[in-house]
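Convention: sequence-line order gives letters A, B, ...; per-chain numbering from 1. Here the structure is a predicted model, which means the values were calculated and not measured.
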Amino acid sequence: MEKSIFIETPPSFSFRSTVYSHGWSELAPFSLDVENWRLSYVFRDAGGGVPAVMSEAERGIRVDVSRKNFDGEKITLDLRHIFRLDDDLAGLYEAIVGHERLNWVAEKQAGRLLRSPTVFEDLVKTICTTNCSWALTKIMVSNIVEKLGAGMFPTPEQMAIVDADFYRTEVRAGYRSPYFVELAEMIAGGRLDPEGWLTTDLPTAELKKEMKNVKGVGDYAAENLLKLVGRYDGLALDSWLRSQFYKNHNNARKCKDTKIERHYKKFGLWRGLVIWCDMTEKWFVDR
DNA sequence: GCGTCCAGGTCTACC
DNA sequence: GGTAGACCTGGACGC
């Protein structure tokens, strides 16, 4: 039995631009059907997995849920969170006025970065992106979802009951394996609360420091997480972003990070989002 | 088939 | 605080 719900979206929202905002739509339990423009995700409520298929609708998002009874209030909150429907991007669009190269951002209503229902899930996924190919990231996340969450992203408690050997042999997480055990145990034991990062009053620099206390989270991972919790004043430079900057702004020649930082300084608190949009334009224009 | 390199980096020891 | 070396894995590439 399938049930549909409708989520109203703000005028500046684009379903496709949000889905294409970064690679998260390719990571389980998300899956993307590009031909029919449907994004799937397996949400979680007290009754277990809630498989949902999301698609564009007039002034909103249509969500088809393939479970008869589910916690509609919880799923709606999750949907608003992952699509960032309550984020105000007016400051971004103001910051890029007059920068011809970035006109497309407002035209395509880009800038909302798709995220997971929990910061914990985004944290684990971000660690899976470090020091490996995107293909391996997908393998690790898929193994975590299938082997620990039975199709859903596992809870910290579910991730804490297995040991590092499990992550090594079953997840293929390599040296990250003990990091996942430690992280899951800290959250399950109440010693770390990543969800609090969404609402903390800590200055960005201090929040970044707190994030880096998690094993496996360095500068890149922390700045990526900062963007996902709504703070855009870090560039989150990784090898891919650097290579794109070299191609687009430096005649394909390598340069120091300080040059990249100088280039985006003028965008102030929005610079992390501006560099991301600037480097991913091709994804939106080609599609 | 095999060896090497590298990818959406981070940690630790050492200076 | 800065830096070198180690760290897992899988795919691409050259031979």
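Contact annotation for A:Ala173: no contact, since no heavy-atom pair falls under 4.0 Å across all strands. When heavy atoms are screened at a 4.0 angstrom cut-off, A:Val171 is found touching no nucleic acid atom at all. A:Ser133 comes within 4.0 angstrom of a nucleotide base, judged by non-hydrogen atoms across all strands. Here A:Arg176 lies in heavy-atom contact (under 4.0 Å) with a base. Nucleic acid contact class of A:Leu241 (heavy atoms, under 4.0 Å, all strands): none.
Nucleotide C:dC8 is matched to nothing when pairs are restricted to Watson-Crick or G-U wobble geometry with both distances under 3.5 angstrom.
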Inset, instruction - Carefully, step by step, assess A:Lys74 and A:Asp71 under the rule salt bridge (charged side-chain N to carboxylate O under 4.0 Å, His left out). - result: CA-CA 5 Å; A:Lys74 201 263 180 187; A:Asp71 184 342; over 6 Å; no

Legend entry - Evaluation steps, ring pair (Phe, Tyr, Trp, His ring centres under 6.0 Å), between A:Trp283 and A:Trp104: CA-CA 12 Å; A:Trp283 297 359; A:Trp104 69 272; over 10 Å; no

Inset, instruction - Starting from the C-alpha separation in whole Å, work towards a yes-or-no answer on salt bridge (charged side-chain N to carboxylate O under 4.0 Å, His left out) for A:Lys227 and A:Glu223. - result: CA-CA 6 Å; A:Lys227 284 197 284 193; A:Glu223 289 185 7; over 6 Å; no

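Counting heavy atoms from C-beta on, the side chains of A:Arg176 and A:Tyr167 never come closer than 4.5 Å.
Distance CG (A:Asp219) to P (B:dG8): 18 Å, rounded to an integer number of Å. The CZ atom of A:Phe180 sits 13 Å away from the P atom of C:dT9 (whole-angstrom rounding). Between the OH atom of A:Tyr167 and the C1' atom of C:dT9 there is a distance of 17 Å, rounded to whole Å. In this structure, NZ of A:Lys138 is placed 11 Å from P of C:dG11, rounded to the nearest angstrom. A straight line from CE of A:Met211 to P of B:dG9 spans 18 Å, rounded to a whole angstrom. One can place CG of A:Asp257 at 13 Å from P of C:dG2, the figure rounded to the nearest angstrom.
An OP1 or OP2 oxygen of C:dG10 is reached within less than 4.0 angstrom by a side-chain nitrogen or oxygen of A:Arg172.
Of the P atoms belonging to C:dC8 and B:dC2, the separation is 24 Å, rounded to the nearest Å. If you take atom P in B:dG8 and the same atom in C:dA4, they sit 23 Å apart, rounded to whole Å. Across C:dA6 and B:dC6, the matching C1' atoms stand 16 Å from one another, rounded to whole Å.
An aromatic stacking contact links A:Trp134 with the base of B:dG8, defined here by ring centres under 5.5 Å apart and ring planes under 30° from parallel.
Between A:Arg62 and A:Asp64 there is a salt bridge, since at least one side-chain N of the basic residue sits less than 4.0 Å from a carboxylate O of the acidic one.
Listed candidates were C:dC7, B:dC11, B:dG8. Nearest to the side chain of A:Trp240 is B:dG8.
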